[in-house]
Amino acid sequence: MSTPAKPVKPALTTVAQATEAREQRRRAQVRAIKAAQRQLGLDDGTYRDMLAAQTRTPQHPGKRSATDLTVVEGARVLDWMRRQGAVNPRRPDTKRRPAPAPHRAGLMAKVHALLSELSRATGEVHGMAYADAIAKRNGWASCVDFCNDRNLTALVGALSRTVRSKGGSA
């Protein structure tokens, strides 16, 4: 038996199409850098200083705007941000969590904020798996998504105490 042929991606036929495709990739890279900035909680000044440091060469002082980056510089910046703890939101191996109910959205946002603060305080990545482990260890639920409002409030308190004990500002 022969395997069916894979569909061939049509070649870009004009210079304008190739330029447009390159520009779309660059815009996607800028969006990824800005998303990583939000994940790491970098303020504008720190973010621009980091861009300059990552793009500095002996001939150039560094670029302070993501829109000025080349594709190679953007990849270097994204790599640095991922090493600092930013995650690619579109990784296929990550499970998507359901959106919380409107009355729980504030508590879930607080859980996410405390996990980010804990990651900054310890230098280690603490994601929702960490919060799930706390919920499971305390017998509240198998994961945070199944905690009732009372247990979710208790989780926020537990995370706040952990952040405080690790030197964060919760």
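For the numbers below, each heavy atom of this structure counts, side chains included, while hydrogens, waters and symmetry mates do not.
Tracing side-chain contacts under 4.5 Å through hydrophobic residues (I, L, V, M, F, W, Y), one never reaches Val125 starting from Val111; they form parts of separate clusters. Taking hydrophobic clusters as Ile, Leu, Val, Met, Phe, Trp and Tyr residues chained together by side-chain heavy-atom distances below 4.5 Å, Ile33 shares a cluster with Leu40. Val30 and Met50 fall into different hydrophobic clusters, where Ile, Leu, Val, Met, Phe, Trp and Tyr are joined by side-chain heavy atoms under 4.5 Å apart, directly or via other members.
Of all the heavy atoms in Arg104 and Asn148, the pair that sits closest is NH1-C, 3.9 Å. Tyr130 approaches Leu118 most closely through the heavy-atom pair CE2-CD2, 3.5 Å. Annotation for Gly127 and Leu115: closest pair O-CD1, 3.5 Å, computed over non-hydrogen atoms. Contact between Val77 and Gln54 at its shortest, heavy atoms only, is CG2-CB, 3.8 Å. Closest approach of Thr162 to Ser165, counting heavy atoms only: O-OG, 2.8 Å. Closest heavy-atom contact between Ala86 and Ala36: CB-CB, 3.7 Å.
Residue Arg22 holds its CZ atom at 5.0 Å from OG1 of Thr19, rounded to the nearest 0.5 Å. Between the CD atom of Glu23 and the CZ atom of Arg27 there is a distance of 5.0 Å, given to the nearest 0.5 Å. Atom SG of residue Cys147 and atom CE of residue Met108 lie 8.5 Å apart, to the nearest 0.5 angstrom. Atom CZ in Arg164 sits 11.0 Å away from atom CG in Leu159 (nearest 0.5 Å). Distance check, rounded to the nearest 0.5 Å: CG of Leu51 to OG of Ser65 gives 7.5 Å. Taken from CZ in Arg38 to OG in Ser116, the straight-line distance is 12.5 Å, to the nearest 0.5 Å.
Thr122 and His126 are linked by a side-chain donor-acceptor pair at a separation below 3.5 angstrom, with hydrogens and angles left out of the test. Asp43 and Thr46 share a donor-acceptor pair across their side chains, judged by distance under 3.5 Å alone.
Geometrically, Lys136 does not engage Phe146 in a cation-pi contact, judged by NZ or CZ lying under 6.0 Å from the ring centre and within 45° of the ring axis.
Ionic pairing of Arg26 and Glu20 is not present here: no N-O contact between side-chain nitrogen and carboxylate oxygen is shorter than 4.0 angstrom.
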Go through the steps to decide whether Arg161 and Lys166 satisfy the test side-chain contact (heavy atoms from CB on, under 4.5 Å), and finish with yes or no.
CA-CA 9 Å; Arg161 288 187 297 277; Lys166 301 290 183 185; over 6 Å; no

Chi angles and distances behind the salt bridge (Lys or Arg N to Asp or Glu O under 4.0 Å) call for Asp44, Arg48
CA-CA 6 Å; Asp44 193 57; Arg48 291 182 186 282; 3.1 Å; yes

Evaluate the criterion salt bridge (Lys or Arg N to Asp or Glu O under 4.0 Å) for residue pair Arg97 and Asp132; output intermediate values, then yes/no.
CA-CA 12 Å; Arg97 291 184 178 259; Asp132 289 342; 2.3 Å; yes

side-chain contact (heavy atoms from CB on, under 4.5 Å) for Arg25 and Val71? Distances and angles first, verdict last.
CA-CA 8 Å; Arg25 283 192 302 273; Val71 174; 5.9 Å; no

side-chain contact (heavy atoms from CB on, under 4.5 Å) evaluation trace for Met81 with Gln37:
CA-CA 8 Å; Met81 294 175 104; Gln37 175 192 2; 4.0 Å; yes

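No side-chain heavy atom of Arg150 sits under 4.5 Å from any side-chain heavy atom of Trp140. Residues Val156 and Thr153 have side chains not in contact (no heavy-atom distance under 4.5 Å, counting atoms from C-beta outward).
Put simply, the side chain of Lys63 never gets that close to the backbone of Leu69: no donor and acceptor are under 3.5 Å apart.
Residue Asp79 forms a side chain to side chain donor-acceptor pair (under 3.5 Å) with just one option from Arg76, Arg82, Arg83, and that option is Arg83.
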